[in-house]
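Down below is the structure, laid out as structure tokens.
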Amino acid sequence: MNSVPISKLAALVAALLALALAAAGLVLVLADVATTSTEPPFNEAQQIASPPVKAADQKRKGVPGKALATANRLYKTGRLADINCSPGELPAGSMIAYRRFLTRVTTCLNRAWGAQFRKAGMPFAKPRLRIITSKVKTPCGAWNAGADGVYCSTDRTMYLMISRDQLRNPFPLGITRLIAHEYGHHIQQISGIWNYYWLARAGASKSQRLKLSRQSELQAECFSSVFMSTMRDSPLVTAADWAYTVDWFRRNGAKGWPQNDHGKGPTQAAWMTRGFNRGAPGSCNTWAAASRNVN
């Protein structure tokens, strides 16, 4: 049997690997080269507790408290406080650095939103942060398939998962957007917006429940973008990386969900752009928006 020289075999393997990487659309990024990451922004899913009231009671009483969602005091607080957030570097392969980054971003969110609640004259409470490396069961139920982060209102905790792929090739902007989105659900919880959400869901049809879910998710994404705008043109939120992220959601944002409960890709991108450009919670009032804008 003829044998292949080791040098030629190695060259062949390298060539095949390069072709595989190209076919998959991956880009290897050198550490010191400024570029836009091609890794997709992380998926998320919300986990929320059962409604606090019985559906039968709501059918008798109607759906009170809609103003908590449509005219919340947060909407009149102006631009989100810029607290000069700078969570630092996120080198690949370091679990310690990853945990530190997540904790620092959460601290920034606490400071920014805490200041906003003070402007609104509303009580503020920080969420808990739990960093995990594998799926867990939360007080709100089983881990959502395909999710990298969830917020559970029962224990007011953000659960953020660090996978091996993310550890090897972190995308700091995408990670920050994910945390800020889950934090957005916490804002809905403590501001009373979710009180209306659950009351409205109690007697709603399936199509109505899907719309309510879209309003909740699109608002959380908009809240996330409002926070991201405070770091506009920083090393963390470059114009190129932000444009890439919005375009990724425009093309792929709806693909991970079997039902239209998060909004179509272009709709997600529109609310991201709106929140980022205006930088104020008042720009994120999905509850008073026309149906065509939360489709």
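When a residue number appears, it is its place in the shown sequence, counting from 1.
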* **Donor-acceptor contact below 3.5 Å, side chain Trp143 vs main chain Ala147** => yes

* **Test item: Cys108 and Phe227 side chains (from C-beta on) under 4.5 Å apart, heavy atoms** => yes

* Asked: About how many Å separate CZ of Phe171 and OH of Tyr244, when rounded to the nearest 0.5 Å?
  -> 6.5 Å

* To do: Sequence neighbours left out, what passes side chain to side chain contact (heavy atoms under 4.5 Å, CB included) with Leu68? Give chain and number order.
  => Asn195

* For Arg250, salt bridge (charged side-chain N to carboxylate O under 4.0 Å, His left out) partners two or more places apart -> Asp247

* **Verdict with supporting geometry, Ile162 and Leu102, side chain to side chain contact (heavy atoms under 4.5 Å, CB included)** => CA-CA 10 Å; Ile162 305 175; Leu102 294 177; 4.1 Å; yes

* To do: Please tell me if the side chains of Leu199 and Lys66 come closer than 4.5 Å, counting only heavy atoms from C-beta onward.
  => no

* Might you point out which heavy atoms bring Tyr196 and Gly65 nearest each other, and give the distance in Å? => CB-O, 3.6 Å

* To do: Could you tell me whether a side-chain N or O of Ser153 sits under 3.5 Å from a main-chain N or O of Arg156, the two making a donor and an acceptor?
  => no

* Structure fact -> Applied to residues 125-136, the side-chain hydrogen bond (donor to acceptor under 3.5 Å, both in side chains) test, sequence neighbours excluded, yields none

* Structure fact -> The residue among Leu129, Ile187, Ile179 that forms side chain to side chain contact (heavy atoms under 4.5 Å, CB included) with Leu109 is Ile179

* Asked: Are any of the side-chain heavy atoms of Met122 and Leu74 separated by less than 4.5 Å?
  -> yes

* Hey, what else clusters with Val294 if you join Ile, Leu, Val, Met, Phe, Trp, Tyr whenever side-chain heavy atoms sit under 4.5 Å? -> Leu218, Trp271

* Asked: Are Phe124 and Trp113 near enough that their ring centres are under 6.0 Å apart?
  -> no

* How would you list all residue pairs meeting disulfide bond (SG atoms under 2.5 Å apart) that involve residues 168-208, not counting sequence neighbours? -> none

* **Residues that Lys255 engages under side chain to side chain donor-acceptor pair (under 3.5 Å), provided they are two or more places apart** => Asn252

* To do: Rounded to the nearest 0.5 Å, what's the gap from CZ on Arg232 to OG on Ser229? Could you check?
  => 6.0 Å

* Short question: side chain of Thr267, backbone of Gly263 - any donor-acceptor pair under 3.5 Å? -> no

* Asked: Do Phe223 and Pro281 come close enough that some side-chain heavy atom pair is under 4.5 Å?
  -> yes

* Asked: So, the side chain of Thr273 versus the backbone of Ala269: is there a donor-acceptor pair under 3.5 Å, distance only?
  -> yes

* Using the test side chain to side chain contact (heavy atoms under 4.5 Å, CB included), find all partners of Arg168 that sit at least two apart in sequence or belong to another chain. => Arg164, Asp165

* Do any N or O atoms from the side chain of Ser213 and from the backbone of Asp261 form a donor-acceptor pair under 3.5 angstrom? -> yes

* Might you point out which heavy atoms bring Cys140 and Thr154 nearest each other, and give the distance in Å? => SG-OG1, 3.4 Å

* Asked: Are side-chain heavy atoms of Glu217 and His185 found at a separation under 4.5 Å?
  -> yes

* Asked: Are side-chain N/O atoms of His262 and Glu221 paired as donor and acceptor at under 3.5 Å?
  -> no

* To do: Mind checking salt bridge (charged side-chain N to carboxylate O under 4.0 Å, His left out) for Arg100 and listing every partner two or more places apart, or none if nothing turns up?
  => none

* Asked: Under a 4.5 Å side-chain heavy-atom rule over Ile, Leu, Val, Met, Phe, Trp and Tyr, are Trp194 and Leu210 clustered together?
  -> no

* Asked: Can you check side chain to side chain contact (heavy atoms under 4.5 Å, CB included) on Phe101 and Thr176, steps first, answer last?
  -> CA-CA 9 Å; Phe101 186 88; Thr176 304; 3.5 Å; yes

* For the residue pair Ala120 and Thr77, what are the closest heavy atoms and their distance? -> CB-CG2, 3.5 Å

* Asked: Looking only at heavy atoms, which two atoms of Ser216 and Tyr197 are closest? And how far apart?
  -> CB-CE1, 4.0 Å

* Heavy-atom donor-acceptor pair, Asn72 side chain to Ser191 backbone, under 3.5 Å -> yes

In a table with atom names and distances, give each donor-acceptor pair under 3.5 Å that connects a side chain of residues 78-97 to protein atoms at least two apart or in another chain.
residue : atom : partner : partner atom : Å
Arg79   : NH1  : Arg278  : O            : 2.7
Asp82   : OD1  : Asn84   : N            : 3.0
Ser94   : OG   : Ala97   : N            : 3.0

* Distance, nearest 0.5 Å, that separates NE2 of His186 from CD of Gln189 -> 8.0 Å

* To do: Working to the nearest 0.5 Å, report the span between CG of Leu236 and CZ of Arg177.
  => 13.0 Å

* side chain to side chain contact (heavy atoms under 4.5 Å, CB included) between Lys211 and Asn260, worked out -> CA-CA 8 Å; Lys211 179 183 177 183; Asn260 186 19; over 6 Å; no

* Look up atom OH in Tyr159 and atom NZ in Lys137, then write down how far apart they are to the nearest 0.5 Å. => 12.0 Å

* **Heavy-atom pair with the smallest gap, counting every atom of Glu182 and Tyr151** => OE1-N, 3.2 Å

* Nearest-0.5 Å distance that lies between atom CZ in Arg209 and atom NZ in Lys206 -> 8.0 Å

* Asked: salt bridge (charged side-chain N to carboxylate O under 4.0 Å, His left out) with Asp155: which residues, sequence neighbours excluded?
  -> none

* Judged by atom type as modelled, is there a donor-acceptor pair below 3.5 Å linking the side chain of Thr238 to the main-chain atoms of Pro235? -> no

* Asked: How would you list, by chain and number, every residue that makes a salt bridge (charged side-chain N to carboxylate O under 4.0 Å, His left out) with Arg292, sequence neighbours excluded?
  -> none

* Structure fact -> Heavy atoms of Tyr183 and Met158 approach each other most closely as N-SD, 3.6 Å

* Step-by-step side chain to side chain contact (heavy atoms under 4.5 Å, CB included) determination, Thr245 to Met272 -> CA-CA 10 Å; Thr245 301; Met272 292 174 74; 4.1 Å; yes

* Asked: Near Lys76 NZ, under 6.0 Å, is it more than 12 heavy atoms from other residues, nucleotides or ligands?
  -> no

* How about Ile193 and Gln219: do any of their side-chain heavy atoms sit closer than 4.5 Å? -> yes

* Any disulfide bond (SG atoms under 2.5 Å apart) pairs touching residues 213-277, not counting sequence neighbours? -> Cys222-Cys284

